[in-house]
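Reading through the structure tokens given below for one structure.
Note that the coordinates shown come from a computational prediction; the quantities given were computed from them, not determined experimentally.
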Amino acid sequence: METIDFIPLVKAYPALSRTYGEVSCVAGVEMTREGPRWIRLYPVPFRALEDDKQFRKYQPVRLRAATHSGDLRPETRRPDLDSIELRGDPISSRNAWALRRRFVEPLMLPSMCEIARRQRRERTSLGVFRPRRVIALEIEKASVDEGKRQIARAWVAQTSLLDGLGSDERANQLRELEQAPWTFKYRYECDEAGCRTHTQSIIDWEIAQFYRRVRHFDDWRDRMKARWLGELCGADRDTAFFVGNMHQHPRSFLVLGVWWPPRRPEQLALADLGDV
Ligand SMILES: [Zn+2]
């Protein structure tokens, strides 16, 4: 076990696991003397954490963690959930995310194609890069799995018991995890010459929340695209994708979150020249 100072950058929508129940993957950086270093915390049963341990993105956290024997990805650590200590407010996004850039810019890699090569070479399983051109937000039908619904229900029941709250009280707070009937994917070209495009599922918790907010509208697809393509990947944004691979399928990467500060003035000037 070691104590780490951690800054969460992405929080994935929970997955339902036979071993762990409902768990999220959280990835971010550990601040070391040499600079920021990627860390994945797994498993994190995020919704079961007590309020004073439910960290937000970019909120500094101190915790104890150990290497994970069941997960061969080099960045993965198993967190000691009781040790989680929030240390101040989330890092501000003021001034075009200047403070957040200090943690993210040193991690920036040239392309997704490069991250895939590093995965084959060094088992790299997390990365961030700026896509050259985001082509589409694809929305595909997903099947809702009855086996997973059972895991979701059992986990809520067990967690409520462990909490010692009246079951009605807890049931109001902790509902069975919804499995969205849609999968959202980005299709894009990365910045490597000859890239044949990538299509990757987006598992950011925020896209699931956004979908829940708009799904009752007739034009929910247009609203999803306006936000996740038009805004987050807009020409005025310095968009980058945080990606991570799957434990069982190390060659498959998913989009864990989006980095989208406003472009800095010098980047806008370049964009005017059509050079970005
Ligand atoms: Zn590529």
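Judged by distance alone, the side chains of Y188 and Q200 do bring a donor and an acceptor atom under 3.5 Å apart. Using a 3.5 Å distance cut-off with no hydrogens or angles, the side chains of S125 and E75 do pair a donor with an acceptor. Residues T76 and D71 bring a donor and an acceptor atom of their side chains to less than 3.5 Å of each other.
The pair D219-R223 meets the salt-bridge criterion, with a side-chain N (NZ, NE, NH1 or NH2) lying under 4.0 Å from an Asp/Glu carboxylate O. In this structure, R117 pairs ionically with E192, as a charged nitrogen and a carboxylate oxygen lie closer than 4.0 Å. Between E105 and R101 there is a salt bridge, with a side-chain nitrogen of the basic residue lying less than 4.0 Å from a carboxylate oxygen of the acidic one. A salt bridge links R215 to E178: at least one charged side-chain nitrogen sits closer than 4.0 Å to a carboxylate oxygen.
Note that OG of S24 and CG of L49 are 9.0 Å apart. Values are rounded to the nearest 0.5 Å. Note: L41 CG to F55 CZ = 6.0 Å, rounded to the nearest 0.5 Å. Note: I203 CD1 to L256 CG = 5.0 Å, rounded to the nearest 0.5 Å. To the nearest 0.5 angstrom, M1 atom CE is 11.5 Å from R77 atom CZ.
The two atoms that bring F129 and P110 nearest to each other are CB-C, 4.4 Å, heavy atoms only.
With sequence neighbours left out, Q150 forms a side chain to side chain contact (heavy atoms under 4.5 Å, CB included) with E146, R153.
Between Y58 and W259, the angle of the ring planes lies from 30° to 60°, which puts this pair in the tilted group. Aromatic ring pairs are classed by plane angle as parallel below 30°, tilted from 30° to 60° and perpendicular above 60°; the pair W220 and F184 is perpendicular.
Here Y20 is tied into one hydrophobic group with V23, Y42, each link being a pair of ILVMFWY side chains closer than 4.5 Å.
Between D238 and the choices R263, R130, R100, the salt bridge (charged side-chain N to carboxylate O under 4.0 Å, His left out) rule is met once, by R130.
For H68 (side chain) and R73 (main-chain N/O), no donor-acceptor pair under 3.5 Å exists by modelled atom type. Between the S201 side chain and the K185 main chain, no donor and acceptor come within less than 3.5 Å of each other. Between the R40 side chain and the A27 main chain, no donor and acceptor come within less than 3.5 Å of each other.
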Discussion item. For F46 and W205: C-alpha separation, side-chain torsions, deciding distance, then whether ring-ring contact (aromatic ring centres under 6.0 Å, His included) applies.
Written reply: CA-CA 11 Å; F46 198 83; W205 202 321; 5.8 Å; yes
Worksheet item: So V29 and F6, side-chain contact (heavy atoms from CB on, under 4.5 Å) or not? Walk me through it.
Response: CA-CA 6 Å; V29 292; F6 177 74; over 6 Å; no
Discussion item. Between T3 and R62, is the side-chain contact (heavy atoms from CB on, under 4.5 Å) condition met? List the steps.
Written reply: CA-CA 7 Å; T3 298; R62 182 168 288 172; 3.6 Å; yes
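Within a 6.0 Å radius of CZ in R94, other residues, nucleotides and ligands contribute 12 heavy atoms or fewer. Crowding of R56 atom CZ: a count of heavy atoms from other residues, nucleotides or ligands under 6.0 Å not exceeding 12. Other residues, nucleotides and ligands place no more than 12 heavy atoms under 6.0 Å from the CG atom of D218. Crowding of E50 atom CD: a count of heavy atoms from other residues, nucleotides or ligands under 6.0 Å not exceeding 12.
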For residues 80-87, which side-chain N or O atoms pair as donor and acceptor with protein atoms under 3.5 Å away, sequence neighbours left out?
| unit_1 | atom_1 | unit_2 | atom_2 | d |
| --- | --- | --- | --- | --- |
| D80 | OD1 | D82 | N | 3.2 |
| S83 | OG | R64 | N | 2.7 |
| S83 | OG | D80 | O | 2.7 |
| E85 | OE2 | R87 | NH1 | 2.9 |

